[in-house]
Engineer: 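Dumping the structure here so I can ask a few things about it.
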Amino acid sequence: MKVAVCSAQAYDREFLLSANRDFAHELVFFDSRLNRETRQIVAGFPAVCVFVNDTLDAAVLETLAGQGTRLIALRCAGFNNVDIQVAANLGLHVVRVPAYSPHSVAEHSVGLILALNRHLPQAYNRVRNGNFALQGLLGFELRGKTVGIIGTGRIGAAVACILHGFGCRLIACDPYRNTECVQLGVEYVPLEKLYAESDIVTLHCPLTPQTHHLIGAEAVGRMKDGVMLINTSRGATIDTWAVVAGLKSGKIGSLGLDVYEQEGDLFFQDLSDQVIQDDVFQRLLTFPNVLITGHQGFFTAEALSSITHTTLHNISAFERDGVCQNEVTLELLQTG
Ligand code: NAI
């Protein structure tokens with residue numbers, strides 16, 4: 001099938017071209033993100049392959065459908081950047097990669113916890129500068145601390161499994177109980193209790209209308225003083241201004257982010273020679289107790305290999321049968 005691959009980085013080309021030896025699709029790579037400004041570049045492609053920061057809103061989808069596209073293949077799990085209802089109305093099929101090594105994101109989340117707690121970025125810089133003083137680097141033991149996991153799907157369960165090994169007390173909130181988590185001893189509690197009792201709150205739910213700005217001023221106010229907040233899910237689950245206020249007041253003791261609400265203008269590109277125009281993001285960077293990575297939770301060799309293989313498999317299944325088990329249906333949209 002002729003496939004336009006948007007937001008293609010060097011590593012996307014490398015992994016997709018390698019995996020495509022088994023599938024033989026005609027892959028055409030575009031550096032650009034797909035959005036209203038660029039939507040013409042994929043004219044005539046029956047399949048369009050996109051990533052997390054491509055914006056497939058109603059206007060873009062209408063253009064795609066009019067230009068002959070029939071399949072949108074997401075090379076990620078989340079589908080909040082595609083208007084699924086409009087796609088369905090237009091007869092466009094949307095497929096995704098529902099699971100590809102949840103351990104990659106889970107391990108990165110725990111990496112953020114450890115790096116923040118033991119001040120590893122500061123320690124790294126100090127030692128390189130010949131400063132071996134420990135003042136300001138005091139951490140705490142994870143053993144016995146309470147971690148609140150919001151969303152215990154594949155990634156949240158993998159986080160629970162790792163932190164269980166650290167000896168943490170694990171509490172969670174999710175509309176569905178995960179039996180793997182229950183067996184680990186994870187206690188499901190209402191959100192209010194999770195906020196009130198957690199030393200660390202970590203987000204692993206999808207971005208839906210229900211989870212948009214889930215962590216706002218009210219939620220922050222209910223949390224423990226000095227709480228550590230981790231978000232590797234989607235940026236807009238957090239109201240960034242509310243979190244900035246929490247950091248300023250000391251309510252939030254530390255913040256680890258792999259995602260950011262306005263990341264579309266920043267992440268996955270080298271802007272090191274430019275003036276960053278996003279004042280909220282720049283404010284976040286001024287805090288010594290904030291650690292931000294640029295949406296790299298998924299970025300392991302194992303995950304990339306799995307993502308590319310499932311993506312090409314999804315495209316082949318659609319080409320062969322017109323359907324795919326990894327289709328994002330309207331029912332999935334309701335349940336998240
Ligand atoms: P999943 O679908 O296996 O699990 C999501 C869980 O969140 C489900 O158990 C669901 O019931 C729960 N949930 C839904 N609404 C909720 C709510 N209002 N409150 C509490 N829980 C709620 O998804 P998976 O694979 O665990 O991924 C989670 C999220 O992680 C994705 O939606 C995506 O946004 C993000 N992600 C981030 C990556 C990164 O590189 N940083 C890579 C992959 C995913």
Side-chain angles (χ1 to χ4, degrees), residues 7 9 11-12 50-53 74-82 84 96-113 148-162 170-182 186-195 198 201-216 219 230-238 256-261 263-264 266-268 291-304 306-308 310-311 326 328-329 331-336:
S7 299
Q9 302 281 352
Y11 47 80
D12 293 312
V50 296
F51 195 49
V52 292
N53 288 323
L74 288 157
R75 44 184 199 281
C76 54
F79 46 86
N80 52 282
N81 54 331
V82 183
I84 299 298
R96 65 170 183 148
V97 184
Y100 55 86
S101 183
H103 308 289
S104 61
V105 186
E107 288 173 12
H108 190 72
S109 309
V110 176
L112 288 174
I113 293 173
I149 304 173
I150 302 181
T152 53
R154 297 173 192 91
I155 296 170
V159 166
C161 198
I162 298 169
L170 300 169
I171 57 177
C173 183
D174 191 306
Y176 304 97
R177 281 168 193 251
N178 182 322
T179 48
E180 193 188 338
C181 289
V182 173
V186 176
E187 183 192 347
Y188 281 87
V189 298
L191 213 39
E192 296 71 35
K193 187 172 159 76
L194 184 144
Y195 291 148
S198 298
V201 173
T202 183
L203 290 167
H204 302 291
C205 54
L207 177 62
T208 64
Q210 292 74 36
T211 62
H212 182 264
H213 286 190
L214 179 70
I215 307 297
I230 302 291
N231 187 12
T232 63
S233 64
R234 284 290 182 267
T237 54
I238 280 183
L257 300 179
D258 187 48
V259 288
Y260 170 62
E261 184 162 12
E263 69 177 50
L266 300 171
F267 289 3
F268 306 119
L291 178 54
I292 307 178
T293 52
H295 207 140
Q296 68 174 82
F298 73 98
F299 200 55
T300 63
E302 292 83 354
L304 270 192
S306 175
I307 288 169
T308 49
T310 304
T311 300
N326 294 325
V328 183
T329 57
E331 191 190 1
L332 189 64
L333 185 64
Q334 306 306 325
T335 57

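Numbering starts at 1 and runs along the sequence shown. Just follow the structure's listing: the first ligand is 1, and inside any ligand the first atom is 1. What you see below is based on every heavy atom in this structure, not just the backbone, and it leaves out hydrogens, waters and symmetry mates.
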Engineer: My understanding is that only residues two or more places apart in sequence, or in another chain, count here; which of them pass side-chain contact (heavy atoms from CB on, under 4.5 Å) with S233?
Structural biologist: L203, N231, T237

Engineer: Among N178, I155, T211, whose heavy atom sits nearest atom 15 (N) of ligand 1?
Structural biologist: T211

Engineer: So, T202 and S109: side-chain donor and acceptor under 3.5 Å apart, yes or no?
Structural biologist: no

Engineer: Holding to side chain to side chain donor-acceptor pair (under 3.5 Å), I want the full list of residues that pass it with H212, two or more places apart in sequence or in another chain.
Structural biologist: none

Engineer: Record the part of C76 in heavy-atom contact with ligand 1 below 4.0 Å; permitted values are side chain, backbone, both and neither.
Structural biologist: neither

Engineer: Look at atom 4 (O) of ligand 1 and find which of P175, P102, G153, A99 reaches it with the closest heavy atom.
Structural biologist: G153

Engineer: Would you mind telling me which of Q296, R234, E263 makes a side-chain contact (heavy atoms from CB on, under 4.5 Å) with D258?
Structural biologist: Q296

Engineer: Using only heavy-atom distances, determine whether the side chains of T293 and H108 contain a donor-acceptor pair under 3.5 Å.
Structural biologist: yes

Engineer: Does any N or O atom in F298 lie less than 3.5 angstrom from one in ligand 1, N or O only?
Structural biologist: yes

Engineer: Any nitrogen or oxygen of D174 lying under 3.5 Å from a nitrogen or oxygen in ligand 1? Just yes or no.
Structural biologist: yes

Engineer: Heavy atom to atom 36 (N) of ligand 1, shortest distance: which of H204, R234, Q296, H295 holds it?
Structural biologist: R234

Engineer: Can you find an N or O of D258 that's nearer than 3.5 Å to an N or O of ligand 1?
Structural biologist: yes

Engineer: With no hydrogens and no angle check, just 3.5 Å: does a side-chain donor-acceptor pair link T208 and Q210?
Structural biologist: yes

